[in-house]
Amino acid sequence: MEYNFNEIESTWRKKWEETELYKVSTESSKPKYYVLDMFPYPSGSGLHVGHPLGYIASDIFSRYKRLKGFNVLHPMGFDAFGLPAEQYAIETGQHPRTSTEKNIEYFKDQLQNIGFSYDWSREVITCDPSYFKWTQWAFLQMFDCWYDLDADCAKKISELVDAFANGGSESVNGSHGEHEEFDAEQWNSMTEAQQQKILMQYRLMFQAESEVWYCEALGTVLANDEVKDGLSERGGHPVHKKKLRQWFLRTTAYAERLLGDLDELDWSDSMKEMQRNWIGKSYGASIHFEIIGHDKTFEIFTTRADTIFGATFMVLAPEHDLVKEITTVAQKEKIEAYLGYVQKRSERDRMSEVKVVTGEFTGAYAKHPFTGEPVPIWIGEYVLASYGTGAIMAVPSDDDRDNAFAEKYGIPIVDIIDKSKYPGAGRSDKLGIMINSDFLDGMEVPDAIQLITSKLEEMGIGEGKVNFRLRDAGFSRQRYWGEPFPIVYESEDIDSVPMTLPESALPLSLPEIDTYAQSSDGRSPLAAIKDWVEVDGKFRETDTMPGYAGSSWYFLRYMDPENDDAFVGEQAVNYWKDVDLYIGGTEHAVGHLLYSRTWHKFFYDMGLVPGKEPFRRLVNQGMIQGRSSIIHRIQGENKFVSAELKDQFECSPLHIPIKYVDAKDHLDIEGLRSWRSDFETAEFEQFQGHFKCDHEVEKMSKRLHNTVDPNEVIARYGADTFRMYIMFLGPIEDSKPWSINGIEGTAKFLKKFWRLFVKEGELIVNEDQASPGELKTLHKTIKKVDHDLSTLGMNTCVSAFMVCVNELTAAKCHKREILEPLLVLLAPFAPFITEELWSRLGHEESVHKYSYPVHDEAHLKEDNFEYPISINGKMRTKIRLPLGLEEGLAKEQVLSDETVRKWIEDKELRKFIYVKGRIINIVV
RNA sequence: GCCCAGGUGGUGGAAUUGGUAGACACGCAGGACUUAAAAUCCUGUGGGCAGUAAUGCCCGUGUGGGUUCAAGUCCCACCCUGGGUACCA
């Protein structure tokens with residue numbers, strides 16, 4: 001009987017489930033190892049072939065680690081709150097829970113088909129009350145804490161209250177928002193509400209006003225994703241920004257530690273670099289400028305204080321608090337028009353616009369602190385309220401955008417740095433000699449920065465300062481499908497002080513509702529459920545938490561998923577500690593990975609977890625992209641033309657399901673007719689007897705009709721072949737388009753592997769002694785696979801297996817001595833076929849519980865090497881030489897070679913390079 | 001725009017991290033087995049030029065420069081593609 005993957009895979013899948021083969025216990029004498037996949041969001045289109053790239057790699061690695069004697073935690077669960085389910089609910093009326101549960105069910109079925117070794121008893125689902133109870137609990141802990149910058153850790157709010165009562169605001173150095181200074185006496189005479197307002201400026205979960213995209217026509221708040229070019233993506237309605245009171249996570253308190261602790265992590269340099277750049281620590285100075293004719297100053301941050309004599313104008317962010325106050329009557333109309341324009345601009349648009357800078361003059365002037373000259377104050381969209389102080393001193397001579405701005409609005413440009421000493425230095429390079437700068441003249445830039453900073457400090461108008469680009473993370477969503485906040489208010493008034501619910505009130509569940517659309521004022525749909533909102537004369541918070549709330553700590557819950565008394569039990573977290581290997585995409589580089597690190601550090605400060613960092617080693621997997629098929633419709637007609645003809649008509653492109661298109665991009669017209677009713681009667685104009693589609697490589701998505709369900713592939717080739725094929729495609733870090741072409745190669749490989757063991761249904765493995773050649777084949781494979789697995793080079797492992805099986809087949813080797821270790825070696829990659837053959841070989845226990853083979857160098861020894869001989873860097877011939885040969889003897893042999901002599905002829909021998917075991921290069 | 005990554009045969013990719021470019025596969029071509037097909041197996045396969053042939057030479061890792069005995073690998077500049085850009089997850 002041939003290799004029958006269907007039967008084998010369903011048998012073992014069942015057996016493994018019955019025997020709970022993959023169940024993990026926290027009680028073990030073995031060393032622990034935690035392998036984690038990034039939490040999937042169970043979307044409506046199911047798992048597609050792109051997802052398992054990382055999952056297969058992590059599964060292979062988990063199985064490998066188990067065979068190496070580790071107690072491996074390898075769990076899976078679902079990040080189940082989120083926008084798509086809610087959007088689906090708005091469209092269909094189906095409860096997000098219902099559609100989410102259905103999606104999870106299908107995802108799990110797909111995952112199980114692939115043969116993953118997850119311990120499903122540890123499954124975690126974020127929208128499950130037993131889980132989000134602890135997400136809400138974590139929120140309460142952070143709400144009840146502040147960050148002490150001197151002690152560099154989070155502390156309970158009660159300590160802060162004590163400090164204020166005894167020594168006022170001066171007595172602590174906490175990470176905080178803005179408030180007036182106060183002494184102990186003032187604090188003690190404040191009302192409860194006044195005190196709470198100040199405490200809010202210190203809490204790690206705090207409230208502040210911030211803007212959201214709001215669409216009047218849809219009556220909803222929109223995500224950045226849903227806004228395109230100032231219009232809503234759905235419907236194309238105008239949108240504008242709206243200010244709301246919202247929750248925030250004080251990520252900035254941890255900025256320094258988030259940055260510093262990166263050093264100890266085993267992450268790729270590029271990933272660390274992205275986080276460093278995101279945190280964006282910069283050294284500079286803050287400077288206060290007086291506004292002429294006003295009793296006010298404003299603060300700017302600059303990394304180039306040295307350029308202050310070139311500051312010919314100031315720019316405030318359009319949102320800056322002072323804009324309304326300082327705008328003169330004459331400029332009012334223009335400023336308001338400009339503010340209207342900015343209302344519709346996204347931050348990304350504002351940042352990426354470099355060709356056309358825009359701004360408006362407020363009519364007000366700042367006083368230059370050294371020259372006393374008036375400096376005009378402008379507003380401009382390129383200055384963001386969220387970075388630094390939301391205000392800059394503009395130096396057109398040494399900053400590209402300031403320069404473009406000055407050019408456009410006719411503002412003077414004063415050269416203040418002589419760069420002639422540094423040819424090639426750009427406008428913004430910190431190089432050169434100061435000129436036109438009074439007491440700074442003649443100094444090098446770095447020295448000038450130092451001097452001017454101390455001068456500013458002396459004058460009491462500025463100081464050296466460290467600035468972070470990192471912002472506090474918005475933690476509110478005006479949505480239904482998320483964790484409700486365990487918060488109530490005295491009244492619905494905007495200034496009402498939030499009060500926490502006791503832990504005993506958790507989990508606070510979502511009410512059932514009729515409509516998922518938001519209320520017309522931009523509040524969440526929850527706001528409309530009066531009998532949920534009002535409790536005991538108080539009013540609930542109606543925002544819900546963002547998607548990243550649940551995913552910021554899920555890896556801890558896997559350690560102890562059923563614990564009702566704690567988010568994770570002490571014993572469990574002290575055993576498992578942290579994630580040893582985390583595999584996921586780079587798309588999470590600065591979002592999820594930064595938030596999780598922040599939460600983890602908070603838990604660490606509270607003494608709840610043993611380590612500072614959650615993810616020791618991180619590996620980024622690439623994406624498997626889809627190959628979309630596109631046909632061309634003649635505009636205004638129900639007629640389509642083959643791709644060669646599209647330029648002859650006014651056509652619009654249309655994505656169609658890839659299953660109706662063959663490998664040559666030719667369309668199955670009848671198939672497509674059966675897909676959707678509008679194609680039934682459509683006309684298709686062919687070209688030379690075929691109808692050709694265009695194609696495009698882009699991300700796999702249901703919307704683009706280019707997804708491929710792994711279940712289809714598994715039904716045809718089996719899970720083992722699928723797993724090996726996905727790994728064979730290339731390094732897991734790379735993205736590549738999905739193509740089924742080539743899967744035959746891995747399918748053939750497994751059949752060939754099977755035939756080493758079984759012929760016509762009979763086991764043909766014998767007990768003969770292995771030859772040195774066979775041992776060499778086996779041991780070089782063990783060495784290579786073991787090595788490549790440690791760096792997650794699964795693709796080269798698969799090649800090594802192919803080479804090995806090819807060699808053994810050629811040698812007609814059916815020896816147990818060779819085949820058994822090989823079987824164990826392959827088990828992590830192809831768990832089903834190896835388990836089947838293992839049991840046929842007479843083993844009672846699973847191959848997945850065996851131990852990993854060790855290679856023996858003795859079988860790999862070579863005593864000579866065929867050297868490539870290069871002449872002037874070009875390979876000309878090969879000569880076999882003993883490996884330990886002395887250079888002198890080698891030279892003698894090589895130079896007497898006929899081919900070598902032909903190349904050298906009568907030229908002068910300049911150099912003889914002899915790299916033992918590598919290469920010989922002769923320079924003439 | 002900014003940050004990060006990646007460009008190697010018709011295709012996916014390999015290359016011991018500066019040392020034989022194209023391993024291993026797919027595809028394609030030819031052949032064996034077969035009444036035929038499937039399956040399986042064998043041979044060839046980067047491009048060009050010369051030769052009946054064995055073979056030989058030249059070119060070749062996105063583009064243009066550079067360093068080196070030696071560059072896919074290191075340096076500089078540029079082009080293209082993908083990811084992120086703070087409310088998609």
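Side-chain atoms are counted along with the backbone in the values below, which use heavy atoms only and exclude waters and symmetry mates.
Among the heavy atoms of the strands, none lies under 4.0 Å from Gly547(A). Nucleic acid contact for Glu587(A): base, since at least one base atom lies under 4.0 Å from a heavy atom of the residue. Asp734(A) comes within 4.0 angstrom of nothing in the nucleic acid, heavy atoms only. Across all strands shown, Trp903(A) has heavy atoms under 4.0 Å from sugar-phosphate atoms exclusively, and none from any base. Nucleic acid contact class of Ser43(A) (heavy atoms, under 4.0 Å, all strands): none. Within 4.0 Å (heavy atoms only), Glu733(A) reaches no atom of the nucleic acid at all. Residue-level contact check: Val798(A) touches neither bases nor backbone, having no heavy atom under 4.0 Å from any strand. Across all strands shown, Trp278(A) has heavy atoms under 4.0 Å from base atoms, whether or not it also approaches the sugar-phosphate. At a threshold of 4.0 angstrom between heavy atoms, the contacts of Arg469(A) include nucleobase atoms, whether or not backbone atoms are also involved. Across all strands shown, Val915(A) has heavy atoms under 4.0 Å from base atoms, whether or not it also approaches the sugar-phosphate. Nucleic acid contact for Pro731(A): sugar-phosphate only, since backbone atoms but no base atoms lie under 4.0 Å from a heavy atom of the residue. As judged by a 4.0 angstrom heavy-atom cut-off over every strand, Leu470(A) is placed among the base-contacting residues. Base contact: Gln246(A) has a heavy atom under 4.0 Å from a base atom. Across all strands, His592(A) comes closer than 4.0 Å to no nucleic acid atom at all (heavy-atom distances).
Residue Arg918(A) places no side-chain N or O under 4.0 Å from the OP1 or OP2 atom of rU20(B). For the OP1/OP2 pair of rC58(B) and a distance below 4.0 Å, the side-chain nitrogens and oxygens of Arg876(A) include at least one atom meeting the criterion. OP1 or OP2 of rC26(B) has at least one side-chain nitrogen or oxygen of Lys748(A) nearer than 4.0 Å. Residue Asn806(A) has a polar side-chain atom (N or O) positioned under 4.0 Å from OP1 or OP2 of rA25(B). The side chain of Arg477(A) places an N or O atom within less than 4.0 Å of a non-bridging phosphate oxygen (OP1 or OP2) of rC87(B).
The side chain of Ile919(A) approaches rG19(B) more closely than any other nucleotide in the set rG27(B), rG19(B), rG12(B). When distances run from any side-chain atom of Asn224(A) to the nucleotides rC88(B), rG1(B), rC4(B), the shortest one goes to rC88(B). Which of rC4(B), rG12(B), rU40(B) sits closest to the side chain of Arg755(A) comes down to rU40(B).
Gln87(A) contributes no side-chain N or O that forms a donor-acceptor pair with the base of rC88(B) under 3.5 Å. If you check distances only, the side chain of Gln478(A) does reach the base of rC87(B) with a donor-acceptor pair under 3.5 Å.
Comparing the same atom, C1', in rG18(B) and in rC42(B) gives a spacing of 39 Å after rounding to whole Å. Nucleotides rU61(B) and rA15(B) have their C1' atoms positioned 11 Å apart, rounded to a whole Å. Separating the C1' atom of rU16(B) from that of rG27(B) is a span of 29 Å, rounded to the nearest Å. On the P atoms, rG66(B) is 14 Å away from rU73(B), given to the nearest whole Å. The gap from the C1' atom of rA32(B) to that of rA70(B) amounts to 45 Å, rounded to the nearest Å. Spacing of C1' atoms, rU20(B) relative to rG60(B), comes out at 15 Å, to the nearest Å. For the P atoms, the distance from rC80(B) to rG30(B) is 42 Å, rounded to whole Å. Rounded to the nearest Å, the gap between the P atom of rC26(B) and that of rU43(B) is 14 Å.
The main-chain N or O of Pro42(A) is found under 3.5 Å from a side-chain atom of Asn103(A) such that the two form a donor-acceptor pair. Between the Ser270(A) side chain and the Ser268(A) main chain, no donor and acceptor come within less than 3.5 Å of each other. When atom types are taken as modelled, the side chain of Asp472(A) and the backbone of Thr251(A) share a donor-acceptor pair closer than 3.5 angstrom. The backbone N or O of Val900(A) lies less than 3.5 Å from a partner atom in the side chain of Asp897(A), making a donor-acceptor pair. Between the side chain of Lys780(A) and the backbone N or O of Cys804(A), no donor-acceptor pair lies under 3.5 Å.
rA29(B) and rU43(B) make up a base pair, with Watson-Crick or G-U wobble contacts both under 3.5 Å. rC57(B): Watson-Crick or G-U partner is rG48(B), with both key distances under 3.5 Å. The nucleotide rA70(B) finds no pairing partner, because no Watson-Crick or G-U wobble arrangement with both distances shorter than 3.5 Å includes it. If you check rA5(B) for Watson-Crick or wobble pairing at under 3.5 angstrom, you find it paired to rU81(B). Searching all strands for a Watson-Crick or G-U wobble partner of rG64(B) with both distances below 3.5 Å returns rC76(B).
Residues Trp599(A) and Tyr254(A) have side chains that never bring a donor and an acceptor to within less than 3.5 angstrom of each other.
In this structure, Lys874(A) and Lys784(A) both approach RNA chain B, and ranking their closest nucleotides by distance from the 5' end singles out Lys784(A). Along RNA chain B, the nucleotide closest to Lys752(A) and the one closest to Phe81(A) are compared, and the more 5′ of them pairs with Lys752(A).
What you find for Val212(A) and Gln478(A) is that their closest heavy atoms are CG1-OE1, 3.9 Å. Nearest heavy atom pair, residue Met794(A) against residue Leu789(A), reads CE-CD2, 3.6 Å.
Lys242(A) forms no cation-pi arrangement with Trp213(A), by the criterion of a distance under 6.0 Å to the ring centre and an angle within 45° of the ring axis. Arg597(A) forms a cation-pi arrangement with Trp267(A), by the criterion of a distance under 6.0 Å to the ring centre and an angle within 45° of the ring axis.
Glycosidic conformation at rG12(B) (O4'-C1'-N9-C4 for purines, O4'-C1'-N1-C2 for pyrimidines): anti, more than 90° from 0. rU17(B) has its base syn relative to the sugar, with a glycosidic angle deviating from 0 by at most 90°.
Atom NZ of Lys243(A) has 12 or fewer neighbouring heavy atoms from other residues, nucleotides or ligands inside a 6.0 Å radius.
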Within the sub-3.5 Å range, which N or O atoms of nucleotides 67-73 of chain B have a protein N or O partner, and how far apart are they?
from, atom 1, to, atom 2, distance (Å)
rC69(B), O2', Asn921(A), ND2, 3.3
rC69(B), O2, Asn921(A), ND2, 2.5

